[in-house]
Structure formats: structure tokens, C-alpha cells
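Structure first, then comments.
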Amino acid sequence: MTEAQMQMNEPEAHFGEGESAARRETGPVILDLKNISLSFGGVRALTDISFDVRQHEIRAIIGPNGAGKSSMLNVINGVYRPQQGQITYRGEVRKNMDCHAAAKSGIARTFQNIALFKGMTVLDNIMTGRNLKMKSNFLMQALYWGPARREEIAHRIKAEEIIDFLEIQAIRKTPVGRLPYGLQKRVELGRALAAEPEILLLDEPMAGMNVEEKQDMCRFILDVNDQFGTTIVLIEHDMGVVMDISDRVVVLDYGKKIGDGTPDEVRCNQDVINAYLGVACS
Amino acid sequence: QPAEQYIALPSYRVGPYAAGGSGFYGGIIDYFNLVNLSGGVNGVKISWEECETEYNPSRGVECYERLKTKNGGATLVEPLSTGVAYGILDRLAVDKIPMTMIGYGRSDAANGKVFPYVFPLITSYWNQAAAMIKYLGDKEGGMAKLKGKKIVHLYHDSAFGKEPLPVLEALSKQYGFELIKIPVTPPGSEQQSQWLQIRQAKPDHVILWGWGSMNAVAIKTAQRNGFPREKILGVWWAGSEEDTVPTGDAAKGYSAMTFNTPGNYPVMDEIRKKLYDAGKGNMADSTRIGSVYHMRGVSAAILWVEAMRTAQEKFGKGKRITGEQMRWGLENLNVDEARQKSIGAFGMLPVVKTSCDDHEGSGAVKVQQWDGKKWNAITPNWIVGDKALTRKLLEESSAAYAAEKKITPACIK
Amino acid sequence: MTPYLSVNNVEVIYDHVILVLKGVSLQVPQGKIVALLGANGAGKSTTLKTISTLLRGERGDVTKGEVQFKGERIDQLTPNELVRRGLSQVMEGRHCFGHLTIEENLLTGAYTRSTSRSELKASLEKVYHYFPRLRERRSSQAGYTSGGEQQMCAIGRALMAKPSMILLDEPSMGIAPQIVEEIFGIVKDLNSKENVSFLLAEQNTSIALRYADFGYILENGRVVMEGAAADLSCNEDVKEFYLGVSGAGRKSFRDMKFYRRRKRWLA
Amino acid sequence: MNFFFEVLIGGLLSGVMYALVAIGFVLIYKASGVFNFAQGAMVYFAALTCVGVMDKLGVSLWIALPITVAAMIVLGLAIERVVLRPLVNQPEITLFMATIGLAFFIEGLAQLMFGAQVRKLELPIEDVPSQYLMEHYNILVSQFDIMAAAVCGLLVTSLALLFSKTKVGRALRAVADDHQAALAVGIPLQRIWAVLWAVAGIVALVAGLLWGARNGVQFALTFVALKALPVLILGGFTSMPGAIAGGLIIGASEKLAEVYIGPMVGGGIEGWFPYVLALLFLLVRPEGLFGEKIIRRI
Amino acid sequence: MLYREAGQFKTSYQADGQIFPIMQDRIALLALLAVAIVFVPLLASPYVLSAILIPFLIFSLAAIGLNILTGYAGQLSLGTAAFMAVGAFASYNFILRIPGLPVLVAFILGGLSAALVGIAFGLPSLRIRGFYLAAATLATQFFVVWCLTKIPYLTNYSTSGVITAQPIVILGYNFDTPDRKYLLVLAVVAVMALLAKNMIRSNVGRSWMAVRDMDVAAEVIGFRLMRTKLLAFAVSSFYCGVAGALYAYAYLGTVEPEAYNLDLSFRILFMIIIGGVGSVLGSFLGAAFIVLLPVLLNVVAHSLALPTSVASNLELMVFGALIIFFLIVEPHGLARLWQIGKEKLRLWPFPH
Ligand SMILES: Nc1ncnc2c1ncn2[C@@H]1O[C@H](COP(=O)(O)OP(=O)(O)OP(=O)(O)O)[C@@H](O)[C@H]1O
Ligand SMILES: Nc1ncnc2c1ncn2[C@@H]1O[C@H](COP(=O)(O)OP(=O)(O)OP(=O)(O)O)[C@@H](O)[C@H]1O
Ligand SMILES: [Mg+2]
Ligand SMILES: [Mg+2]
């Protein structure tokens, strides 16, 4: 019903009103999820959810706590296997993703409860993001000689670019466990970026930051999106951020989709207001 | 300052085998003290140093290396641990320090041509095994009666427990008894299944080839399963107070091999009187004087002191002898009954007479039985098994070792 | 009036070498809500952990200064003793007991109270009333609940101890906006009805200053500014850096400028 | 067939003896997340203290027992104060390591106080086949084992109740999950740990008495911990009933394997068989039969 | 003011990726190596060489092996000695059965055999974690030793299951004296430590640490859990295998399988925990600590002239107490202590 309508409406909605949308070009659908259902024992985390992500867009997922947002990301990159549904990624249809395959085909992500490698330095964490691009075998690495060494240095250069980009030069050799929360989030973003992903899934990247830091973070996200054309799927509870930077928004509640559209549409959707926003649109 | 004869004692007084270690080394040191009280060996005092090995090979090697150069160089070493003994085996010939292995270690080391510096004195595992079968045969009323009998070899599943297998197997073939081999995984604190198997097999005899805590458990488990202890015959490492006391009454009637005749001897009295009554005894617990391990230690020390005497006779009375000379003394040892009498240990150990071919020097053992309070010898005479057989095995095995190590067997003059 | 809680010139070193707090002093008067603001890594959490003596477990040392609660020094007490005296902390990063169910988590919160079963039940009901979502998930293991649910659980757990002073470390993190409002509503509620004092470290400055009576701004381990909440929210720098509004009103996150002016207090 | 049952029953009862030691492990692991390698040493310490007191003071078992209980309580308090308190919130492996150090210390202490020699311990119940069962069912079971099983059952039931039904039990489980958070909600970690280790000491005493009466009080008692490990992983580190179930399974199958498979491969498989069996179980259930699931969520 | 990073600018990532980025460290290490190669064999007594330095180096190597598995890849293992045993017995058999096989090649083959066994026993680690895995690795320990006592072929049908290491002859040169053995062991350990350092600073090392710190995240990033864990098992076992072979050939000489018992596994584990989990330097420090401490205690106890049984028990108690003491002072081991010391030195003379 409404869901189908919304999907039909999407293109117009997209290029219709809303200054941000009008200004931005987005490509064809790159990721398409159909009728995803996921439950854990008795808990239904996701019920029959469908939505798509277009190339180069910033797609936000919002919803109350426990709505299933993180679970959705987990389905997209293969941490959870949905009981039902189908995922189409770059034209390929699959029942579910597998973590490694997802990573390989260009899906990177950050986590809600920071999942950095605590015992490693910032630089090493970011370097792990590049692991799929490393080719030399471990014997060469053990000898640290010839191609292996050249490769290591080439990747190091990439990693340094990301460090510069995220402005975390000063902490490159610090073990991440010691960093304050906000910087850890930034490093995690760096690790995801290091993979040069096509789609970047961000789970509450701005939680626990003050406005100034959020502004920085937004700038990074927008820059990545602009400069590298990376598609971004974003979960965030700060409505200011969501409304300002996203192109389209999906709203989940209790595992069901209750809204989908441009920020402005969503903001004025009565279901969404009741379930999540609490304030009517002005 | 008069020269001292220095002996290295890599001992162990903590850990799972501490009970044996403290008794054995206690005996050695008690006897040394006794000798020193009466002026030493022709005036040469004995000195020694201990080092805790915890029965652990790598610590044992370190101890050996540390002790060997002290006090002008060690002239004898005794680790009372197979693992440690193996760890230092190769170093002995280089360092020219003889090592005794009293009642343990590789049996083929008795071949002095291949192992010039190793002395498995008194008796080896192979001779023990042969003697055990001899004893069982006699008990049955002649070796021929062994035919068709069932003998279980319940053994510590390690190099130690497997050592007698060639002898037992050969004898089983020769006399036609059935040999059932049942291993116990070290440390052997649970033996229910083994004893159920034994009960099922209804053997005529059980040889208990155990070490450490395994022995008490075996005896206890035999009792739990209603297996008569009279049918169990332990090795000498399963025949001490430490093995029977903890079992309470369960060990009554259990017998085991020994190379010391239980009982009292003038030398032990002297130790009691001159050392313990004067508060100079080595063992914390004076009730253990004359216990199996203690007496074993005293016996070891007696043999060493006799070896010193022998060597001094050749190389100069009243002089400190070197390791090489000590080796010679050990190789030309002759502790006969007269000698034993003069020491005050007549009958306490068998007559020991060594040569280049025979670093063991005896091969005789006795059987003792536990009466609930103490051990009593039940064979009046020393038992010697089929020595021809063990000799043959010894030649073969030491030849193989020599080949592997590229040693040309020869006696050292 | 002696402050309810006062922190005097505290210096904290982690791992023997990392100096984090460089002489922080602050006061919380009885029955007031005090906000502790500051950028990431400023030392807010460290300050709170210093007060609740939880630093010891993280190899942090208080090398100078003292903390007083109700007029007594508390820096040498155990956390258990503090909770008994009415000082509870909600730790940053949730810290729920993963293998316990939500309800069991809440019940552990009441460990220090020796109350009747019915009173306990009433407290539990109150928490469920505040966070209906928890009631639904009461019998799931906390380790499997969503981030926000865990956050609610952690707050609820602290409430179960019936404290007279609560240290809240980023209560709004990861919580849906509606609930954030509710949480602060609860804070206000407890504060006015039950006279509970609060010290809250918060990144959501606008809401924190809205509810707080007083605020401190921490940067690099030093208090750089303090004042009544209303005054702080009028300060130009606070407005720009913590509230995201400057002269021309709120700016979109989309058009942030790349270079910013230096904060005045750094001058 | 009768033989089969004898082996089976013998195995089950040995399993109970293993479980007795495993309970001490579970107690501490479940309540503090510490993998207590010193449990074996505590068993030895307890048994040796008991017989040592009897010997040195010349008193009967009934007087030595309360003295030993007191000693175990003191030991528990000391361990908390000296070892655990400074190590709050440290990684599991560090705590594990500390308990190994503790094991050395306790072993040395016990031998220092009472000497290294092997002693006997006689309980009022004798370790001989039960006549009754022998006559009526023609099955050979030691009456000692029957008592051990009863004691074990009692311990497990009461401790399981403690964990599942009481406030302290809940607090203990909370501590195991997160030391820091447990402190924050006001759980008096230190007091709880002290009590807990004291209780574990008493459990060790029970195990020590039974094992000591069976095998003699000697250093090798510290090794019974090795027998308890496969029981633990099979049953689950965090489950009291798991300790019993694991014990029974391990005991029975290891005996059956030794008797029926052992002879085919040269015997002596009891050393590794329980571990391999437990390993196979774990492949199916990585947290053991009754252990709590390890939560891996991101 | 001697120990300063300031002023040492890195102009290339290559320079920054060095094992010891600070120059003073590099100089110190080179000096240490020079001393170890030139002066130690000249000056040290045979006792120090053969009873302290050789076992210290061998244990360091085994500790590096275990550290790769436990410290870097996060898989707690109690089966180290078993892998060492495989290395030793395999080397023995290779030399015995392939005439003319160079000893070093035999060591490598021994290490590879250990690696194979390591992979086989590492398979369960894909499902089993933490202490469950640790307890399960005991299966390796007991099973391997059991096999060695049960399969006569492996011990060349020696009646008691004891093997005697063949003489170490490399290119006609016989390594039979303590100083020669020492140099050989030193060379092997130095090279392998370097290789380990290299692995750890490149992608393999990062993959291990990632799996250790958070395996789910590692998988999401694209590391293959199975490959990473098994590689860790293989490399670790290889190191332990070579160490085990050296233990037999350069230290004990004649060995029974029991020499590789659980006790040894624990000693190696102590080394890495005391030294520092996840640190190559820590492996050395820990090995030194565990090798030297008992000797030291023993010497001290003797000089106090205590009754021997009291001394032995006190030694044990002090050893246990010191382990606890060090853990309390620095749970991350001696390596961290060292590092903090260096950081302090860097700040010196200012306290912070
Ligand atoms: N592995 C799991 N096992 C059991 N339940 C789970 C699991 N993962 C998620 N859930 C449940 O599914 C629901 C959705 O969780 P999810 O983490 O996706 O929420 P969310 O939308 O991200 O919430 P938040 O904003 O609080 O992070 C929650 O109720 C949670 O308890
Ligand atoms: N255990 C620790 N070891 C070393 N340094 C630490 C540790 N914990 C915190 N720090 C350091 O102390 C500083 C202050 O951290 P703290 O967590 O108090 O900041 P915060 O103000 O709470 O930041 P956030 O807003 O990100 O939570 C940071 O620079 C951090 O790197
Ligand atoms: Mg979420
Ligand atoms: Mg914080």
C-alpha cells in the first residue's frame, strides 16, 4: 500500500522539490533490498522490509531505539542472514551476503559500539582497512623484501592520505584504546574509507560528539561522497544532521518500515512523527 | 686446608616426587655427614651442593652445569630422575664426571664400553624384571609352572614403564605365560578402568610398574575392586612407605621389589645417634630414618664412598681424587660382605662388584612385603633373574646406541 | 553553603605517563543539575570516574587534589561505599551485564538497597514506566539488545539504587531524540521531586544547557569556562562551537565552512 | 554385559569425583570470570592442612576439620586482598596467570608447613565394595563412591540455587560480565570475592578430603585439576549442573574408551581421550553443554 | 636528554616503517648483537653459555612462537610443548632416515611438520574461543606425547622411547662445544625473531591482531577468519617446532617425550605473560625472567644456608609471589614496563 506508493513516488520525490535533492545528481539503484525479514528467536528485528539505495546518494535510516536499524546494516553486509528476502547488489541477486564477499565487492562499514582493534595503533587500524588490496603472500611479508615492501609503502601512502583527510595526524601512532570516544569514531571511519568502498555503511557515526565535531564529521562524509562518489547509508539520531545531509530517508519502527522519502517528506509523515520525531513539521 | 671431595646433587624436594627426593637425598647427606664426622675418607672430607630441579629436565641440566664447576669441580653426580639423567648424559664424557643412576635410567648403560661415565649401580630395570619373573616362578613352584599363567604388567605409560618390556616379552615367550600389558597415563590418579580390566582378566599376578602417586592409587583401586593385594608385585619405585602408608590398610599383603633389605643396621643406628640425636640429621621428619628411600640414599652414598676409597688406593691415599679417578673407582668397585660388615651395613644391599663390562655390579634384588606397618623382606636370599638374557639385550641395545652416536666401544684404562 | 559535591584541583595520570586532568575543580550544589561540557577527550569521563573512584581499575592515578561529597573526603572509599552514600554513576559506553537479562540488570542496580520485595517491585515499575521499551525486552539478555536499549538499561540500573546524586556520562548517546527529551525530563523530574543532584557530562550541549542550572566547560583537562547555564548559552563561543548557531542562526550541516575562527578562550 | 555395566558405573562414579573438583572451578569462573588454575593446589592445600593439623596437634578429624575450614577462609580472604583486589578489571588472561602464580605459592606453603611426605587420610567410611549392592544386584560399587556422589549432588544443588535464586548470585554473575560496571552499581566486589574464594576453599576441602582418602594426601592431588578440565569444558564453565553432567559423561566415556578402544591402540588413552571428546562436543556447542553463550554482537 | 625522538624526522614512509624508528634504539640493538656475537662467546663461561644463554634463547624462540598465536592472534594455547616435541622428533627422524640431509634443513622440516600438526589442531579454533579453546589445546599436548610414546617408529624403535639427538654438523663443521652451539642458536633465533617482527608489521601481523581484538569486525573488513587463524597456528607451531628441535639438539641431547610435558607448555606461557603478551621483545624478557629467576632464587636460598627442603619450598613460594607481584605492577608485562620506562626517559627531566 503506502509502501508501494512511496516506491513509485520516489523518482519524482527525488528530483522534485527540496533544495538539496535538486542540487544533487544520483545514479541508478545500486543496492536493492526486497522483503527482508529477520528474527532472533521470538524477537522480530525486521519484518518484510524493502528499500533501495542509489549510487552516489546519502541514504539515512532512522527510527526509535530497537527499531532494527543496526540489524538492517548487518543484513546488508552479511553479518546477519535474513530468514526471508532478497538482496540485489550491482545487479547481482543473492539471498544473503557473506561478510567477506560483501567486503570484497566494496561494502565497508562502521559500527555503533565502536569495533576498532583496540590493541593496535591508529595507523595499523587504518592499514587493516586496506587488507583486501594487498597481494603479496606472507612469506614475502616475513622477509619484508622487494614487492612486499614496496606494496606496504604504497598502501602506507594511501593510509596517510586518509589520515590527513580526517585530520588525525597527531595520533597516528597512538593505540586506539587510549583515544577518546569521538576520535575513535573518526578512526573507524578512516578504516572503512581505507577500503575505498563503493558503499559506506555508517552506524551512528556522530553519537557522542558535540556540534563542532559533528560538523567535522559531516564535512568528511560529504567530502567522501563528493570526491569519491561513495554511496553512503547512514544511521543517525541527530535529526539536524539527517535532514541536512541526506538525500533520502528510510524510517523503521519495530522492524517495520513506516516511511521512506526525502527528508522533507519524512519530516511531515504523520506515522514518523508519532513513532519517532515527536514534533510536527513546521 | 685439606682438599674436599665435592659431589653435585641436583635434587628435588618440592613437587610431585618430593617425598622420594627428600628421603633419598636425605640418606645420602646423612651418610656423608657421618663419614665426615669420623674424619672423612682417609682424611678427605666430602662436600656437596644441592640444587632444586623439581624433577624437570631443563632445570636439572642448569643445575648440573652450575654445580659441576663449583668447589674445584664435581667428581660425581646423581640426579635421581630419568629425564635429567638423559639431559646430562652426553655432557658427562666431555666434562669427565661420572654419574650414577641407582635403580633407574637406561638399562643398557651398564655397558661401560659405550657409557664409560654412567653407572646404573646395583641393578637395572631389566635385571629387576627378570628377577620378578624368577620370583613369581619360584612362588608358583618352579619356572615351568608359569606356563599358561596370566601376568598383568600394569605400567606407568612412559619411558620408565616401557623399559622392561623387551625382557618381559622374551620371558613370556620362553616360559609360556600370557603377558597382558595395561598402561596407566601419568600421573595415574584414576585407575578404575585399568583395575576393572584386570579383574576381568583374572590374572595370577600383577606387576605394578609405577612411580609416584600412581602406586597408592593402584593399591587403593585394587581394594575397591576387591582384587587381592597378595597378587600384586611392585617395582622398587612402588615399594616405599610413601606408596603404602597413604593407602591405609589396603596395602596389607602387597609386596614389592627392593635392593635394600628392610631392617636395622649398625650404620643406621649410628646415623640416628650421631646425627639425629645431635640435631644434625638432614630430614625434617625423623620417623623417616630407615625408610626405604632413606636407606636407598644411604646405600648410594656407601657405594660412592667405597668408590672413593678404591680410587684413593690406586691414586694416592688421603688425596682428593678427580672425576676421572672417581670413574675408575666406580668401575673397580668391590663391596663384598666383609666390606659391608665393616661399614655396618651387612646385608643391607647386595654385593656390588663392577667392571668395565658391567657397570651395574650386581643385579640382585629382594622381595619385601607390607604388613600394614612396615616392610619385611620375604625372600631370605638375593634373587637374580636370567642374566644371560639381559646381557644379550644389553649388548644389542648399547651397540645400537653406539652406532647412532658413532661411538667406538672401548674400555677406558 | 558547602557544595554537595566538590572536586578540588584534581590531577589525573593514566599509565604513569599520560597526564589527562590538569587541576580540575568544580562544585555541585545540593539539588542542582550541573553540566560538564567539552570536546572529545577533554577529560569529562575521567573527571566522573575520578569522583566515583572507578579510575583505579583503568590504571589511572589521582596524583593531586581531593573530592568531597556531603562534606567528607571520598577519594579513598570504594565504589560500593559511595553507592551506599547515595552517589551513583552511569558509565559511558553502556556497560550492561551482557549475560543477564534486562530485568536482572536492573535488579543488580538495587544491590546496595536492603528493601522489601514490594519496594523493589515498585522501583522496577518506575523504571519500566520511564522506559517502556525496557519492559518489552525485560527477559532478553542485555548483550543482545540494541544500543539504545542498553543505554536505557544502564540509566535505569543507576536509578534503581535510589541515589541522591547521579553522575551521568553521556546519557543521550545513541538515543532517539524523543527519548532524549524524555530522559532529560526524567532528570528534571527526579531533581525537582526527589531533590536528586546531577552532574552530567554531555555532548548534546543545547539540551544539556536547557535543563542544567550550571555548567562547566572542560578543554584539554582544564576548566576553561564556568557559569550559570543561561549565561553559558549566551556566550558567543559556546553558541558557535557547542550549539552550532552563530550570528545568523543555525547553520545547515551541509554548508559548514572549512576554516573556523579560534576559540577566544584559547587565546 | 555385567562387565559393561561395571565399567559404566565405575566411570560414572569417577566422573562424580571429577565433578567435585570442577565445581570449585565453576564457582569462581561463574562469579568472577577468573579461570582459577590454583583450584588443584587448593585441593592439596586443604587436604594437607587437615591431615597436617591432625598429625601435628594430635587431634581427631572432627577437630581438625573446623580448623581447616578456618584456614581455608583465611586463605580466601588473603587471596582476595593480595591478589585479586589489585587486579580488578584486568584482562582474563592476566588473572588466569595470577592464579598460576598463586598455585605455586600455595603448593610451596603447604609443603613448607607440613612437609612433602605422603600421608594417609581416613574418613569414617571405608573404600570397599558395598556388600548390599554386591549381594542384591551383583554389581560392584564402592560405598565410598556412593557417599562421594551424594556429597557432590548436595554441593551442586545448593550452589546452583545460590546462583539462580539469590541477590548475591545475580551480583556474582554480573561481576563475571563486567568488573567495572559491577563496581559502578555498588556491588562490593571485594567482599564478595573474599566470600567466594573462601567458599571455593571449602569446596576444595571437600574435594581434597574425598580425593585424599582415596589416593592419599600427596602432591599429586594438584593434578586432579587436569582431570576436571575436560569436565568443565564439556559441561560449560558457567554451569553447576554442567559440572555434574560433564563429569558423568567424561567419567563414563573415558572408562569405556580405555576398556574397549584402548587395547586396540596400545592403551593409555585416558590422558587425552576426555579432551578430544570434550573438543568434539565443543565443535557442536562451543560453550559446552550448559555454558552461557558467548555473546558476539556488533 | 640522551634519549630523544625530537630532531629525528622521517622523510619517507619507509624510514618510518622501520622496526626501531628511534636511532638510539637501533644503535643499542646493534651493539647488543655485536656483544652477543663477539664478546659473549669469548667471555662467558661454559656454564653461562650452556645452562643459561642457550636455554634462554631457545625458550625465547618458543615464546615468540606462542606469542604469535596467543599474543598476536589471540588464541590461548596450552599445547606449546607438544609442537616443540613434534619439531624435535620430526627433525630426528628426517636426519635419521634421509642420509646426508643438512641439519638446518631438518630443523626447517621439523618446523614444517609442527606447522602441519598445528593446523590440524587449530581447526577447532574456528568455533571455539577463549578458555574453552585453551582447555581444548590440552588435547594436543596429551595426544602428541601419547603418540610419541606409542608409535615406536617415531623413536626409531628404541625400547624406552628415548631418542638421542645426532651431532649437529653443518658444512663439515661440528657444533659440539657450548660456544658453537650458542652461536648457532643465536643465529637461528635472531633470524627468526627478525622474520617475526617483519610479519607483525605487515599485513599478516595486522590480520592476526585484528582477529584477536575483534574477530567479527575483522571479518567484516575482509579478513578471512579461517585462513588467518590457521596461518597463525601454522607459523606459531613452526616457531615452536624449531625451538623444540633446538631444545633437543643444542640443549638436552638425549630426550624422552616426557621432556615436552605440560609443565614446559606452562613455562612458555609464563614467559609470554610475564614478558608481555603481543610483544617480541617481551618474549625475550619473559624467557630471561623465567630462566633466571629460579636460578637466582636458588642461589640466594643457598647463600642463606636454610635447610634444603625449606629453601626449595620458599623458592617455589617466592617464584609464585613474584609472578603475582609483576602482574600487579604491570599486567601487560615487562615489555610494557620497558616501554613506559622509555617514555619517561623521553620526557625526562620533566615529569610529564
Ligand atoms: N543477535 C541478536 N540476538 C537477539 N536479538 C537481537 C540481535 N540483534 C538485534 N536484536 C534485537 O533486534 C532489535 C533491533 O535491534 P537493532 O540493534 O537493529 O536496533 P537499532 O535500530 O539499531 O536500535 P538503536 O538505535 O538503539 O541502536 C532489538 O530489539 C534487539 O534487541
Ligand atoms: N585508560 C586510558 N589510558 C590512557 N589514556 C586514557 C585512558 N582513558 C582515557 N584516556 C585519555 O584521557 C583523555 C580524556 O579522556 P576522557 O574519556 O575523559 O574524555 P571525554 O571528555 O570523556 O571524551 P568523550 O567525549 O570522547 O567521551 C583522552 O585524551 C584519552 O585519550
Ligand atoms: Mg543500532
Ligand atoms: Mg567520555
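Just so we're on the same page: letters track the sequence lines, and every chain starts at 1.
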Among C/Lys49, C/His99, C/His95, which residue forms the greatest number of heavy-atom pairs with chain D at distances under 4.5 Å?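 The option with the most such pairs is C/His99.
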For C/Glu182, all residues meeting salt bridge (charged side-chain N to carboxylate O under 4.0 Å, His left out), sequence neighbours excluded: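 By the salt bridge (charged side-chain N to carboxylate O under 4.0 Å, His left out) rule, C/Glu182 matches no residue at all.
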With a 4.5 Å heavy-atom cut-off, do C/Phe97 and D/Val175 have their side chains touching?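 The answer is no, as the side chains (C-beta and beyond) never meet within the 4.5 Å cut-off.
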Measuring only between side-chain heavy atoms, which start at C-beta, is C/Leu107 closer than 4.5 Å to D/Arg170?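 Touching, per the 4.5 Å side-chain cut-off.
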Which residue pairs satisfy the salt bridge (charged side-chain N to carboxylate O under 4.0 Å, His left out) criterion with at least one member in residues 233-254 of chain D, sequence neighbours excluded?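 Pairs touching residues 233-254 of chain D that pass the test: D/Lys227-D/Glu254.
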Does atom NZ of C/Lys121 have more than 12 heavy-atom neighbours from other groups under 6.0 Å away?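 No.
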Heavy-atom count check: over 12 atoms from other residues, nucleotides or ligands less than 6.0 Å from D/Arg81 CZ?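 12 or below, so no.
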Please output the residues of residues 177-196 of chain D in contact with chain C, using a heavy-atom cutoff of under 4.5 Å, in numerical order.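 So the qualifying residues are D/Asp177, D/Asp178, D/Gln180, D/Ala181, D/Ala182, D/Leu183, D/Ala184, D/Val185, D/Gly186, D/Ile187, D/Pro188, D/Gln190, D/Arg191, D/Ile192.
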Select all residues of residues 76-85 of chain C having any heavy atom within less than 4.5 Å of some heavy atom of chain D, and report them by number, or 'none'.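 Residues of residues 76-85 of chain C touching chain D at under 4.5 Å: C/Thr78, C/Pro79, C/Asn80, C/Val83, C/Arg84.
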